[in-house]
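Structure first, then comments.
Everything numeric here is computed off the predicted structure, so don't read it as measured data. When a ligand or atom number is given, it counts from 1 through the structure's own listing order.
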Amino acid sequence: MLQRIVLLLASLGCASSLATSKFKLPIVGVNPSEVAITSMSLTDQGRSDDFAKDGRPRTIMISGFSPISACRHGHLVGYMPPVTARFEDNKFAAYGLPNGTFRSLGLQTCTSNLVPKPCSSGSLPLVVFSGALATSRTLYHSMLQSVAAAGYLVVSIDHPYDADIVEFPNGTTVTGVDINDSELEDALTTRVNDIAFLYRQLAKPSLRTKLFPLHRHSGSLPKTAVVGHSFGGAAAAAAMQQLSYIRGGLNMDGSMFGSVLKTGLDRPFMLIGHDNKTQETDPSWKTVWPQLKAWKREIEVKGAAHYSFSDLPLITSVIGLQEKLPIEVEQVLGSIEGRRMMDLTVTYVTAFLDMVLRHGSEKAFVRADKNFTEVVVVA
Ligand SMILES: *[C@@H]1O[C@H](CO)[C@@H](O)[C@H](O)[C@H]1NC(C)=O
Ligand SMILES: *[C@@H]1O[C@H](CO)[C@@H](O)[C@H](O)[C@H]1NC(C)=O
Ligand SMILES: *[C@@H]1O[C@H](CO)[C@@H](O)[C@H](O)[C@H]1NC(C)=O
Ligand SMILES: *[C@@H]1O[C@H](CO)[C@@H](O)[C@H](O)[C@H]1NC(C)=O
Ligand SMILES: *[C@@H]1O[C@H](CO)[C@@H](O)[C@H](O)[C@H]1NC(C)=O
């Protein structure tokens, strides 16, 4: 496996070793700006960790993405922190990804502004992202960088023990536990509590200054929405139910759980499904649909599979392996070319966010539907 990627690097004219070579994952979208990326841990002293069962306070990891229109200095950072990259390299070897893939990827981060004083973040809305069960938040960071580049402050969140691995700044890690069906509702409650805690922290300008350091922050929380993939999509709906200041939610490919099935939502909510995941095939979507009382839309992406809504298709495309992966992988990553799939996801996510957090108009959806013939508007 390693040989394959070294060969690949050699053929691209990269003489250096895998460890120092980096494939930069591109920012996609219309008028993208550069993005500053940060990460940190947050400890909730008011809540013990139900998974750890030893009374320790719940600690989460988050990353922040903020758009910088006039960047002076930037550099490439590892796509994942080192222990996580090794862990995911081992895990995804089973899917035919060459060992070393995640260690070889980078994201461009902006570290200083051209203008001497930080720009005001006043008009930038806020987006919180929660990913799939047993999945690192970092596996969405290329997508979230592109969403931020479109003019959003974005925060990704890892839910320890439910994520496959969480790596803290001091180098310690928490690996995931198996969560069976009867434990899902508790895991969902933990996620919602994590999101509620995060919002309480974000209400403080000092935390926003740490997370988005090249902007000036004051006053209360900007307009906010929550986006999730898979179980994170269910968490988006559940969080909206509890937190009235969340203006909208987007669920990518996640079945719905909990009380939202009965009580529904009174703010905009969108469902994006992979090929054949619709109200007709997912009973929880069928149940929740009439309970969604505000703006709602459901789309199906033909040719997409469950992990199409992560960075994986883009990654396999960027390292030049998308055509060479085993057929079983297509069942997980879909058949849409990786850059196009990323463009599709970012376009629809930002179309939703623009409508809910900016101008209230569906015009971006009209343009998106013209460009992406894979997309079927189901309802
Ligand atoms: C991946 O490579 C590392 C060393 O770089 C090695 O320790 C590990 O066992 C390899 N994993 C697989 C699945 O081959
Ligand atoms: C590392 O950080 C985590 C999260 O804040 C904390 O739970 C853990 O105790 C720390 N470990 C050490 C050795 O400092
Ligand atoms: C799920 O896991 C919990 C904790 O490990 C266990 O107590 C419970 O019996 C399991 N339930 C099922 C249905 O397997
Ligand atoms: C979706 O359903 C159609 C018709 O039942 C079938 O031909 C197709 O293979 C299915 N696609 C996927 C991705 O399951
Ligand atoms: C649609 O495609 C055109 C041509 O490639 C591009 O210029 C435009 O930005 C795209 N629009 C969206 C919403 O992606």
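- Qualifying ring-ring contact (aromatic ring centres under 6.0 Å, His included) partners for Phe92, counting only residues two or more places apart in sequence or in other chains: Tyr95, Phe102.
- The six-membered or imidazole ring of Tyr307 lies near that of His229, with a centre-to-centre distance under 6.0 Å.
- Residue contact check for ligand 1: Asn90 places a non-hydrogen atom closer than 4.0 Å to it.
- Cluster partners of Val83, by chain and number: Phe87, Ile165. The rule joins Ile, Leu, Val, Met, Phe, Trp and Tyr whenever side-chain heavy atoms lie under 4.5 Å apart.
- A donor-acceptor contact under 3.5 angstrom links the side chains of His141 and Ser156, judged on distance only.
- Under the 6.0 Å cut-off for aromatic ring centres, Phe65 and Phe212 do not qualify, their centroids lying 6.0 Å or more apart.
- Close contacts of ligand 3 with Asn180, meaning ligand atoms under 4.0 Å from a residue heavy atom, involve 1 (C), 2 (O), 3 (C), 8 (C), 10 (C), 11 (N), 12 (C), 14 (O).
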### Message
Pair Gln291, Thr263 - check side chain to side chain donor-acceptor pair (under 3.5 Å), show working.
### Response
CA-CA 6 Å; Gln291 305 298 335; Thr263 48; over 6 Å; no
Distances under 3.5 Å, N/O of ligand 2 against N/O of the protein: list each pair and its distance.
residue  : atom   : partner : partner atom : Å
ligand 2 : 2 (O)  : Asn170  : OD1          : 3.4
ligand 2 : 2 (O)  : Asn170  : ND2          : 2.4
ligand 2 : 11 (N) : Asn170  : ND2          : 2.9
ligand 2 : 14 (O) : Asn170  : ND2          : 3.2

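- Under the 4.0 angstrom criterion for non-hydrogen atoms, Arg86 is not in contact with ligand 1.
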Without placing hydrogens or testing angles, list every side-chain donor-acceptor pair under 3.5 Å for residues 146-153, not counting sequence neighbours.
residue : atom : partner : partner atom : Å
Ser146  : OG   : Val28   : N            : 2.9
Tyr152  : OH   : Leu353  : O            : 3.4
Tyr152  : OH   : Asp354  : N            : 3.1
Tyr152  : OH   : Asp354  : OD1          : 2.4
Tyr152  : OH   : Arg358  : NE           : 3.3

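- Neither the backbone nor the side chain of Lys91 has a heavy atom within less than 4.0 Å of ligand 1.
- Under the 6.0 Å cut-off for aromatic ring centres, Phe257 and Phe231 qualify, their centroids lying closer than that.
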